[in-house]
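In what follows, every chain begins at residue 1, and chains take the letters A, B, ... in the order their sequences are listed. Quick caveat, the model's predicted, so the values are computed rather than measured.
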Amino acid sequence: MMLTQELSAIVGNAFQQCGLPAELGMVTVSDRPDLADFQCNGAMKGAKQAGKNPREVAQMIVDALSAEDKGEKFSELSIAGPGFINLRLTTDFLAQKLTVLAADERLGMPHIMHDKIVIDYGGPNVAKALHVGHMRPFLIGNAVDRMLRFAGCDVVSDVHLGNWGLPYGMLISEFEMMYPDSVYFSEGYNGEKDEDVVVTLDILAEMYPRVSQQCKGDEARKELAQKTTAKMQAGHKGYLALLQRFNDVTIADVRKMTDFLDIHFDLWLGESDTQPDQDAVHNHLKAKGLIEDSQGAQIIRVAREDDNKEVPPLIWLNSRGAASYPTTDLITVYQRVRDYSPDKIIYVTDYRQAQHFEQVFRAADLADYIAEEKLEHIGYGTLNGQDGRPFKTRDGGLLTLNGFISMIIDKAAERLKEIGLHEKLSDEEFKQTADMIAIAAMKFGDLSNAIRSDYIFDIDRFVSFEGKTGPYMQYAGVRIKSVLSKAAESGIEKGVFMIDDSQRALALQLILFADNISAAVKARAPHIICEYLFNVAQSFNSFYQNIHILGEENKERQSSFIAMITATSQVIEIGLGLLGIKIPQQM
RNA sequence: GCACCCAUAGCUCAGCUGGAUAGAGCGUUGCCCUCCGAAGGCAAAGGUCGUGAGUUCGAAUCUCGCUGGGUGCACCA
């Protein structure tokens with residue numbers, strides 16, 4: 001059980017003994033660490049109900065608690081201000097909690113959820129290079145993914161490639177003009193691969209903007225692309241085979257990036273994978289009477305009477321009969337329900353797509369595929385440049401994700417050289433370390449912002465080794481490991497926890513691991529983890545400053561120090577692990 | 001026009017199921033290495049929480065108005 005829950009139960013019990021609701025006993029971490037470790041504000045809420053003034057109620061609770069506890073858990077129970085109940089834990093109790101935490105590979109974090117979850121994030125487009133805009137969905141999605149797994153969920157992650165719209169009709173039609181005789185475009189395509197048709201990322205990257213531009217100015221060309229799109233969506237075998245080749249080269253490329261970022265997907269499905277089920281879903285929707293014709297398109301009305309805003313209908317098929325992303329997203333819901341029976345499907349995308357998901361969720365519910373409450377959209381804010389506008393390169397162009405990351409790596413390497421790390425490490429090790437630090441800088445920098453808010457990207461701040469940054473966290477981790485290995489060399493082993501004043505603040509932070517992780521999971525808020533880990537690291541640095549572990553003469557005290565920093569190391573390592581951040585050997 | 005989100009220290013941001021002196025990082029100003037990694041630590045200065053009202057014993061937090069930003073409002077994803 002989590003610490004605040006345990007304490008809330010104890011205090012809640014005292015409230016009950018006094019004839020008041022147990023819920024009033026909710027205990028939270030104190031706002032005033034100078035006065036208490038934890039606090040309960042319930043006496044003020046319960047005063048009216050009890051017909052007493054808040055301090056009287058608080059006194060009753062404190063009396064009941066003292067009688068029950070006899071100084072075992074609480075070294076101090078006091079009343080302050082209008083009726084705050086302040087709790088201070090005994091060092092024995094702290095030590096006991098730490099012992100339990102240190103013996104558990106999950107550091108006391110219970111499995112708080114057991115849901116089957118499908119999480120959809122990333123959403124790279126086939127045939128287009130990843131750009132900076134893909135950073136947030138990958139990082140946030142992956143952090144939430146890892147957090148849910150750690151919380152006990154059975155998670156299936158899907159990258160959900162974008163590859164079913166007009167852009168792909170454009171590309172295929174262009175290939176058809178280039179290779180009119182290819183088997184991909186013949187009537188009786190039998191599934192063979194045409195090696196003469198060369199598909200590489202470079203070719204696609206050059207082709208797409210060119211053809212896209214052409215379609216803007218040339219109606220006939222655009223019409224050809226649209227027709228090709230329609231045939232593709234209708235299941236044209238050769239087109240789909242060619243599209244599959246676009247997918248293959250794109251996936252190979254995206255995989256390089258996700259591997260580098262230590263992000264791994266269970267599924268590499270995309271919009272095009274909805275094709276086999278489009279008719280089935282269409283017929284189902286039709287049978288349910290959900291589809292109607294409107295202005296030439298086929299729509300599903302999802303507005304409700306009690307809506308306080310206008311919710312436009314979902315466009316099932318547009319007036320050209322083409323599927324769009326509402327179509328594929330709805331079919332994907334059907335497939336995920338069929339294949340995984342999830343308790344929840346979570347989508348991580350730009351918050352601007354909130355309305356789109358609202359429509360899809362309502363439609364999925366109307367179709368009886370899954371209850372709307374089981375569908376969740378996590379919308380993140382924009383990554384902005386120094387000017388407060390969406391991040392662009394200096395000349396106003398869109399920066400590729402590769403370029404963006406290289407920039408961060410260069411900056412990290414520069415810093416590492418300043419401190420002479422390149423003289424201590426081989427070129428290979430140095431490169432790996434720079435990569436690891438750059439990834440941490442990027443991930444921690446991004447994730448330490450609340451997901452929903454837009455934020456300003458400042459490379460110097462992200463890569464700085466000072467302040468609330470990834471490298472600062474890694475540095476704390478590296479220092480601990482360094483001390484631990486020196487201790488091990490000297491044969492100093494960890495012993496039992498003996499909490500004295502030097503360790504108290506750190507101990508208190510550590511035993512709140514499960515509380516913080518749990519809060520972060522429930523709120524889908526990686527920034528809570530960042531904040532918490534930063535506090536842990538600061539508490540550690542502060543502790544470390546005031547004592548000398550290897551030189552400590554009292555051996556019991558020394559061995560308790562080792563136990564303490566071992567636990568700290570685990571908290572930092574596992575905590576950072578939830579954000580997808582690793583700690584290097586040296587830095 | 002309708003709806004949603006945001007406005008907190010010089011800068012970047014937390015806090016928002018109402019509660020005690022509103023927090024952090026950066027920056028600024030002082031200190032602290034004969035000692036395990038000072039990429040560290042300690043301390044100080046810095047805020048009428050956009051604005052006006054309301055609810056409440058108590059409001060950064062809840063409600064309403066206003067101002068100033070952002071976003072979305074059927075066939076692009």
Side-chain angles (χ1 to χ4, degrees), chain A residues 26 30-32 34-36 39 41 44-45 47-48 53-54 80-84 86 123 125 162 164-167 271 294-299 301 307-329 349-356 358-359 379 381-382 384 388-389 415-416 418-419 421 448-450 452-458 460-461 464-469 471-472 474-476 478-487 490 492 527-528 530-531 534-535 537-538 540-552 561 565 586-587:
Chain A
M26 187 175 73
S30 177
D31 297 332
R32 295 284 305 272
D34 53 321
L35 299 178
Q39 68 185 60
N41 301 343
M44 291 175 289
K45 286 196 180 76
K48 198 172 277 179
N53 78 48
F84 297 99
N86 282 332
N125 290 314
W164 204 229
L166 185 59
E271 293 169 339
S294 173
Q295 300 172 32
Q298 298 188 47
I299 64 166
R301 295 200 185 276
D307 284 336
N308 63 349
K309 62 185 169 189
E310 195 183 333
V311 181
L314 178 141
I315 306 291
W316 171 248
L317 293 174
N318 69 22
S319 50
R320 295 190 313 276
S324 184
Y325 81 137
T327 323
T328 56
D329 274 342
T349 77
D350 190 310
Y351 72 85
R352 284 173 291 196
Q353 294 183 39
Q355 183 177 267
H356 159 71
E358 169 102 62
Q359 293 173 301
T382 322
N384 289 333
R389 301 296 305 167
R415 289 279 156 81
L416 292 175
E418 279 167 22
I419 56 160
L421 194 73
S448 56
N449 294 286
R452 177 49 228 262
S453 54
D454 300 339
Y455 75 90
I456 293 177
F457 174 74
D458 176 346
D460 291 315
R461 189 162 59 81
S464 170
F465 294 15
E466 291 157 29
K468 199 182 290 182
T469 68
Y472 172 95
Q474 289 175 313
Y475 179 66
V478 168
R479 281 172 104 191
I480 300 175
K481 286 190 175 178
S482 167
V483 179
L484 283 174
S485 70
K486 287 205 169 90
S490 315
I492 304 168
H527 84 273
I528 293 177
C530 294
E531 192 71 28
F534 182 69
N535 289 334
Q538 273 193 320
F540 163 74
N541 281 330
S542 179
F543 154 74
Y544 183 73
Q545 199 71 29
N546 295 316
I547 49 108
H548 195 270
I549 295 170
L550 300 183
E552 174 60 42
F561 284 158
I565 67 170
Q586 288 185 61
M587 62 187 283

Students often get this wrong, so: under 4.0 angstrom with heavy atoms, is A:Ala354 touching a base, only sugar-phosphate, or nothing? nothing

Measuring only the P atom in each nucleotide, how far is B:U67 from B:C2? A whole number of Å is fine. 12 Å

Using a heavy-atom cut-off of under 4.0 Å over every strand shown, decide if A:Ser294 touches base, sugar-phosphate, or nothing. base

Pick base, sugar-phosphate or nothing for A:Arg415, based on heavy-atom distances below 4.0 Å to the nucleic acid. nothing

Would you say B:G70 has OP1 or OP2 under 4.0 Å from some side-chain N or O of A:Tyr455? no

Taking the C1' atom of each, how far is B:G47 from B:A14, in whole Å? 15 Å

Nearest to the side chain of A:Glu531, heavy atoms from C-beta on, is which of B:A77, B:A14, B:U17? B:A14

Measure distances between side-chain N and O atoms of A:Gln39 and base N and O atoms of B:A20, and say whether any donor-acceptor pair falls under 3.5 Å. yes

Gap in Å between the two C1' atoms, one belonging to B:C13 and one to B:C32, rounded: 29 Å

5'-most contact on RNA chain B (nearest-nucleotide basis), A:Glu271 vs A:Gly81, goes to A:Gly81

Candidate nucleotides B:C13, B:C57, B:C36, ranked by approach to the side chain of A:Lys48 - the nearest: B:C57

The residue, A:Asn41 or A:Leu421, whose nearest nucleotide of RNA chain B is more 5′ is A:Asn41

Quantified in whole Å, what is the P atom distance between nucleotide B:A20 and nucleotide B:C62? 15 Å

May I have the distance from A:Gln545 (atom CD) to B:C36 (atom P), rounded to whole angstrom? 11 Å

For A:Phe84 and B:G19, say yes or no: do the ring centres fall under 5.5 Å of each other while the ring planes differ by less than 30°? no

Pairing partner of B:G30 (Watson-Crick or G-U wobble, both distances under 3.5 Å): B:C42

Does B:G41 have its OP1 or OP2 closer than 4.0 Å to a side-chain nitrogen or oxygen of A:Asn541? yes

Touch class at under 4.0 angstrom, heavy-atom based, for A:Gln586 against every strand present: base

OP1, OP2 of B:C75 versus side-chain N and O of A:Ser324: anything below 4.0 Å? no

For B:U48, the Watson-Crick or wobble counterpart (both distances under 3.5 Å): none

At 4.0 Å (heavy atoms only), tell me whether A:Ser542 reaches a base, stays on the sugar-phosphate, or touches nothing. sugar-phosphate

Roughly how many Å is it from CG in A:Asp460 to P in B:C11, rounded to a whole number? 19 Å

Under 4.0 Å, counting only non-hydrogen atoms across every strand here, what does A:Gly551 touch: a base, just sugar-phosphate, or nothing? nothing

Same-atom distance (C1') from B:C76 to B:A9, integer angstrom: 43 Å

Which nucleotide, if any, forms a Watson-Crick or G-U wobble pair with B:A7, using both distances under 3.5 Å? B:U67

Any idea if B:C73 is syn or anti, going by the 90°-from-0 cut? anti

Side chain of A:Arg479 - closest among B:C73, B:A3, B:G37: B:G37

Side chain of A:Arg389 (C-beta onward), nearest among B:G70, B:C13, B:C5: B:G70

Closest nucleotide among B:C36, B:C26, B:C73 to the A:Glu466 side chain: B:C26

Once you apply a heavy-atom cut-off of 4.0 Å, does A:Val478 come out as touching a base, just sugar-phosphate, or nothing? base

Once you apply a heavy-atom cut-off of 4.0 Å, does A:Ile547 come out as touching a base, just sugar-phosphate, or nothing? base

Between B:A53 and B:U17, how far is it from one P atom to the other, in whole Å? 25 Å

Are the ring of A:Tyr544 and the six-membered base ring of B:C36 within the stacking cut-offs of under 5.5 Å and under 30°? yes

Consider the side chain of A:Ala297, meaning its heavy atoms from C-beta on, and name the nucleotide among B:C73, B:C75, B:A77 that approaches it most closely. B:C75

Inter-nucleotide C1' distance (B:G46, B:U8), Å rounded: 14 Å

Under a 3.5 Å limit on both distances, the Watson-Crick or wobble mate of B:C16 is none

In this structure, which one of A:Phe540, A:Tyr475, A:Tyr472 forms a ring-ring contact (aromatic ring centres under 6.0 Å, His included) with A:Phe534? A:Tyr472

Given B:G19, B:G37, B:C75, which nucleotide is nearest the side-chain atoms of A:Ser319? B:C75

Compare the minimum distances between each of B:A20, B:C73, B:G25 and the side chain of A:Pro312, then state the nucleotide with the smallest one. B:C73

What does A:His356 touch in the nucleic acid at a heavy-atom separation under 4.0 angstrom: a base, only the sugar-phosphate, or nothing? nothing

Provide, to the nearest angstrom, the distance between the CD1 atom belonging to A:Ile315 and the P atom belonging to B:A74. 9 Å

Can you tell me if the side-chain N/O atoms of A:Asn535 get under 4.0 Å from OP1 or OP2 in B:G23? no

Look at all strands and tell whether A:Asn86 reaches a base, only sugar-phosphate, or nothing, counting heavy atoms closer than 4.0 Å. base

Taking the C1' atom of each, how far is B:U61 from B:C16, in whole Å? 4 Å

Separation of A:Lys468 atom NZ from B:G23 atom P, in whole Å? 14 Å

Tell me the partner of B:U61, counting only Watson-Crick (N1-N3 plus N6-O4 or O6-N4) or G-U wobble (N1-O2 and O6-N3) with both under 3.5 Å; none if nothing fits. none

Answer yes or no for this row: A:His548 ring on B:C35 base, centroids under 5.5 Å, planes under 30°. no

Determine: side-chain N/O of A:Lys45 to OP1/OP2 of B:C57, distance under 4.0 Å, yes or no. no

Closest approach to the side chain of A:Asn125, judged atom by atom: which nucleotide of B:A14, B:G25, B:A77 is it? B:A77

Which is true for A:Ile456 with a 4.0 Å heavy-atom rule: it touches a base, it touches only sugar-phosphate, or it touches nothing? sugar-phosphate

Shortest non-hydrogen separation from A:Ile315 to A:Thr327 and the atoms involved: O-OG1, 3.9 Å

Between A:Phe543 and A:Phe561, how do the two ring planes meet: parallel, tilted or perpendicular, split at 30° and 60°? perpendicular

According to a strict under-4.0 Å criterion, is A:Ser453 in side-chain N/O contact with OP1 or OP2 of B:A14? yes

Rounding to an integer number of Å, can you tell me how far A:Gln538 CD sits from B:G23 C1'? 11 Å

Check: A:Ser448 side chain, B:A14 base, donor-acceptor under 3.5 Å: no

Looking for any heavy atom pair under 4.0 Å, which part of the strands does A:Asp34 touch: base, sugar-phosphate only, or nothing? base

Who pairs with B:C36 - Watson-Crick or G-U, where each distance is under 3.5 Å: none

Check every strand shown and say whether A:Gly467 touches a base, only sugar-phosphate, or nothing at a heavy-atom separation below 4.0 Å. sugar-phosphate

Counting side-chain heavy atoms from CB outward, which of B:A20, B:C36, B:G41 is closest to A:Val483? B:C36

So A:Leu314, base contact, sugar-phosphate only, or nothing? Heavy-atom distance under 4.0 Å. nothing

